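In this text the structure is predicted, and so the values were computed from the model without any measurement. Every chain is numbered from 1, with letters handed out A, B, ... down the list of sequences.
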Amino acid sequence: MTGTPPTSVSAKLIDSTGNGVLLMSRYNVKETEAKWQNAWESQGCFTAREDASRPKYYVLEMFPYPSGRIHMGHVRNYTIGDVIARFKRAKGFNVLHPMGWDAFGLPAENAALEKKTHPATWTRENIATMRSQLKTMGLSIDWDREIATCDVEYYRHEQKMFLDFLKAGLAYRKESWVNWDPVDNTVLANEQVIDGRGWRTGALVEKRKLSQWFLKITAFAEDLLKGLETLDRWPERVRIMQENWIGKSTGVRFRFALKDRADTLEVFTTRPDTLFGASFAAISPNHPLAAELAASNPELAEFIAECNRLGTSEEAIETAEKRGFDTGLKVVHPFDSGLELPVYVANFVLMEYGTGAIFACPAHDQRDLDFARKYCLPVLPVVVPADADPATFTVGTEAYTGPGLLRNSRFLDGLDTESGKQEVGKKLEEAGQGERTTQYRLRDWGVSRQRYWGCPIPVIHCDSCGIVPVPADQLPVVLPEDVTFDKPGNPLAHHPSWKHTTCPDCGKPALRETDTFDTFIESSWYFARFCSPKEDSTAFTRESVDYWLGVDQYIGGIEHAVLHLLYSRFWTRALKTCGYLNLDEPFTGLFTQGMVNHETYKDADSGAWLAPTDLEKDDAGQWVRADSKAPVNVGRVEKMSKSKKNVVDPAHIIGTYGADAARLFMLSDSPPERDLEWTESGIDGAWRYINRLWRMMTETPVALPAAGSPKPAAFSPKAEAARRLVHKTIAGMSEDLDKFRFNKAVARVRELSNTLGELDGSGEGEAWALREGFESVVRLIGPMMPHLAEELWIELGHSGLLTDQPWPEADPALVVEDSVTMAVQVNGKLRATLELPRDMAKDAAEQVALADANVQRALEGKPVRKVIVVPNRVINVVV
RNA sequence: GCGGGCGUGGCGAAACAGGUAGACGCUAGGGACUUAAAAUCCCUCGCCGUUAGGCAUGCGGGUUCGAGUCCCGCCGCCCGCACCA
């Protein structure tokens, strides 16, 4: 480790001087930070109350999963949120800044297996640890509103919501294909399937058909898409990702007549204009027609089975060859009964999208072209680009997908692509064979999980009555804690008695649903629960959500760009439909922060990953193993992860340097949306700055005038300049914080402290200017380094909390300089800089510039053709 | 393949609206203080050049009095989605 930890610095000071006086003059982080954290808590500084007289501001960071200990990603996330919360508070907003725990989920069950602790115990212990760790960060959180989603007081309301959604037709049950791990006897999410195998067991994943609960997110597809346009305080890329995810496309749905059959084959296309270029139709291996034909065709059945074996992993899909099976069936072209197209079962046609069947025009679709070339099907170009010769235009190995003019298309000939689409749509509608429609890629949200540690789905399965919702007066359905983990599968299903109940309708014995909800459900409404966390009759009171929602500033990682953020937007709309609240968008402002990275290290011999704490620097400044002094290879800077051992424990950092230093580091240097590299020298730098501020304000060169002393009539030029910088910094920093430019804000306040450090306080008005400067710095750093700021506030002779002080106001007269440095260029090259009065007349500035010796030398006597003067900025002499 | 973003010193980065490129910090080097070290303070730090000056924002063009910033064409890196008909 480079540098010396501050604790040993203090210790050495005591050793060498033999007394503690010097230690007293140093900033004592540990005591100071604890002191102010206690003061804020005991005075209830951050307790939020509804107050119609003040503008509200709801700041929320994505709540953590209680995995055990906080990590640097949390520190970055909660530091950013806290700066905003404290800044808005100082600006006079009524701030709500709560915290809770996303407490259901799979890791707790894995811990139960590995460590033999109950998920509830493990979770509650983790919460206790992480709560106390978060408290050492000095966050301005209203802890009275803390919630944990695994508490029945929380999830009971979610069960009620689900039943209301069911009534409103927003929840339904259907059979669907899932990834099934045959060893664990459970469903796996797509991302838990690696190369076709379960991530934990390594078993080959099977596709299984299961009856599952779905939420009708597709009912809001259009609304979720439209809503994105209103989210002007969201990052562009998150909106684009959601837009792509919803995947709206317009086209035509129509029915082919099937030759020698009474039924029809329905397809969806976005390119009805290419209908005369069609050379085959294709259906998904999971299409009902395919199943029907396979029943009497073993070869086809084998082909379908093979397609389903191929798995759903991205790699499998990407590398899979286009393959098909000719069913022997033919469809009839809707506009020419003489034209017949073969029907293939093709492995690239998805049952889940559109109708599960397509018609293919190989000339204008790459995928269709690949297929057609493989099976020697015709390729007829029907769209010719505007700049191509229709007589010679052909398609080889690359399909033409752009716009153009239609040909070989009978009544469409000569039309452009767009008109052709409309024309075909119209004709099919007139014939009653099809209709123009909109299709979405978005699919309904499957929420059933065969897991224990989640919210029970409140329904009962009755042999006589079918699926019966648990009546509202019988809620909540409480998750039992007396379960065992000795058998594979869902412990809830193995519980001896829990699932046995009686049917609420007929009173006969019946079984409870043993699936639990996807844990994304809990995080879809927790922001609303924070508005009335103690309410037990309802999830939240109408008044509280009307007052606090939407969340003015939501902050979290980009990894939730689609799922959590889309689910929450859906859930909010569903709640609105059921009359819970009147709101469409839960998060009006969103900020996505970058990751925290660190260098990686490997043992030079074995190649094993090494942790930063395993290393030390040798005399030559090279990293070596601390134990064996063996050489170490320094690798790339990568996201902190356990597997690469490049994690730095925030608790250790906060214990050594304090929360303020950790917070300052998080805000310095890198813009918050970009990745940040954690370095030892960086945290050292933050620590040095904290001590510099402390010394500067506690060991002043002259006695400062008392707090609140009247402003002197005159200031020395140095004092005057310092005061201008003070007010410029106030103005600049306010803007920086509003725009999340924390790195610039830090740079500005450092620049100001550099300038104040140069004032010795002896000139006229300088002592007063110093106090003004110090007080401004303290107020400005308040949101970033709240403990140091409180302590310095006292040191400067104030009483009460800085936390209760308003944000400083810049004096507009001092923000603008009255002289400016202007650049003088000759032919665009800098030749001189001049200190000139602000807003000097153009011709006067020109005269001064031309008279300058450097300018004259650069002119070399050549005639001046033109002089361009940009007021207060630049003078360019053109020769 | 589609969509989005980004290329600036040894490093992280600044640069409002086309107007002094490199603020602020890290690293490094030199010096002061000290018996010594740590801490602290001072100085230097894009490249070449003694100065004058020249060259510099991934590369090549263009627009402009003036381009890191705007336009065109390349190159490289990162992220998201991906057989979506």
Side-chain angles (χ1 to χ4, degrees), chain A residues 2-4 6 8-10 12-13 16 22 26 235-241 243-245 247-249 251 267-271 274 282 314 317-318 320 322 346-350 352-361 365-368 370-371 401 439-443 558-559 561-562 621 637 665 668-671 673-677 679-682 684-686 688-689 691-692 695 732 735 741 743-752 754 757 821-834 854 857-858 865-879:
Chain A
T2 56
T4 309
S8 60
V9 171
S10 306
K12 277 178 187 164
L13 276 165
S16 61
L22 267 175
R26 293 189 73 78
E236 176 77 16
R237 62 174 180 148
V238 175
R239 287 187 309 206
I240 289 169
M241 282 161 79
E243 196 181 312
N244 292 340
W245 191 264
K248 178 178 181 173
S249 55
V267 298
F268 172 74
T269 180
T270 58
R271 294 298 303 272
T274 64
E314 280 174 25
I317 288 167
E318 187 172 355
K322 309 239 167 324
N347 65 344
F348 63 86
V349 180
L350 306 172
E352 298 85 357
Y353 185 77
T355 62
I358 60 164
F359 85 79
C361 175
D365 183 290
Q366 192 58 46
R367 198 188 34 203
D368 296 347
D370 295 345
F371 191 91
T401 55
Q439 189 69 42
Y440 299 90
R441 207 188 69 120
L442 183 70
R443 290 177 205 157
I558 188 73
E559 65 273 19
V562 176
V637 173
F665 182 98
S668 306
D669 296 342
S670 292
E673 68 279 8
R674 234 179 273 183
D675 286 355
L676 173 82
E677 189 193 347
T679 60
E680 283 299 317
S681 53
D684 275 342
R688 276 202 298 274
Y689 181 59
N691 282 286
R692 232 185 104 215
R695 280 194 309 274
E735 210 189 320
R741 295 188 297 219
N743 55 326
K744 283 187 68 184
V746 171
R748 263 188 225 276
V749 80
R750 290 187 94 125
E751 187 183 25
L752 175 59
N754 288 347
T821 308
M822 287 186 72
V824 185
Q825 302 173 333
V826 175
N827 282 346
K829 287 195 192 282
L830 182 72
R831 296 299 172 190
T833 55
L834 296 173
N854 284 325
R857 191 172 48 223
R865 276 206 303 158
K866 194 157 110 183
V867 179
I868 288 146
V869 180
V870 182
N872 304 324
R873 287 197 185 273
V874 75
I875 301 161
N876 192 5
V877 182
V878 188
V879 295

| message | Under a 3.5 Å cutoff, is there a donor and acceptor pairing between the side chains of A:R857 and A:N854? | response | yes

Using atom [atom1] of each nucleotide, how far apart are [N] and [M] to the nearest Å?
{"N": "B:rC24", "M": "B:rG9", "atom1": "C1'", "result": "15 Å"}
{"N": "B:rU69", "M": "B:rG62", "atom1": "C1'", "result": "15 Å"}
{"N": "B:rC83", "M": "B:rC71", "atom1": "C1'", "result": "37 Å"}
{"N": "B:rG49", "M": "B:rG10", "atom1": "P", "result": "15 Å"}
{"N": "B:rA14", "M": "B:rG58", "atom1": "P", "result": "15 Å"}
{"N": "B:rG22", "M": "B:rC11", "atom1": "C1'", "result": "13 Å"}

| task | Classify the side chain of A:R441 versus the base of B:rC81 as yes if they form a donor-acceptor pair under 3.5 Å and no if they do not. | result | no

| message | Determine whether a donor-acceptor pair (one donor, one acceptor, N or O, separation below 3.5 Å) exists between the side chain of A:K744 and the base of B:rC24. | response | no

| task | Taking all heavy atoms of A:F665 and all of A:A686, pick out the closest pair and write down the distance. | result | N-CB, 4.2 Å

| query | Taking A:N827 for the side chain and A:V878 for the main chain, is one N or O donor matched with an acceptor at less than 3.5 Å? | reply | no

| query | Is there a donor-acceptor contact under 3.5 Å from the side chain of A:N876 to the main chain of A:G828? | reply | yes

| A:Y689 ring centre to A:R750 NZ or CZ under 6.0 Å, with the angle to the axis within 45°? | yes

| message | Can you tell me which nucleotide in B:rA85, B:rC81, B:rG12 comes closest to the side chain of A:R367? | response | B:rA85

| remark: Quick note, A:Y353 side chain, CB onward, closest among B:rC84, B:rU27, B:rG19 is B:rC84

| task | Looking at every strand, decide which applies to A:N876 at a 4.0 Å heavy-atom threshold: base, sugar-phosphate, or nothing. | result | base

| Roughly how far, to the nearest 0.5 Å, is CZ of A:R441 from NZ of A:K248? | 15.5 Å

| task | Fill in the dot-bracket string of RNA chain B, one character per base: . for unpaired, | for a pair to another strand, ( ) or [ ] for pairs within the strand, taking Watson-Crick or G-U pairs under 3.5 Å. | result | (((((((..(((......[....))).(((((.......))))).(((....)))..(((((..]....))))))))))))....

| query | Which one of A:Y353, A:F348, A:F268 satisfies the side chain to side chain contact (heavy atoms under 4.5 Å, CB included) criterion with A:I358? | reply | A:F348

| field | Syn/anti state of B:rG66 by chi, 90° boundary around 0 | value | anti

| said: Please compare A:V877 and A:A686 by the position of their nearest nucleotide in RNA chain B and report the one closer to 5'. | reply: A:A686

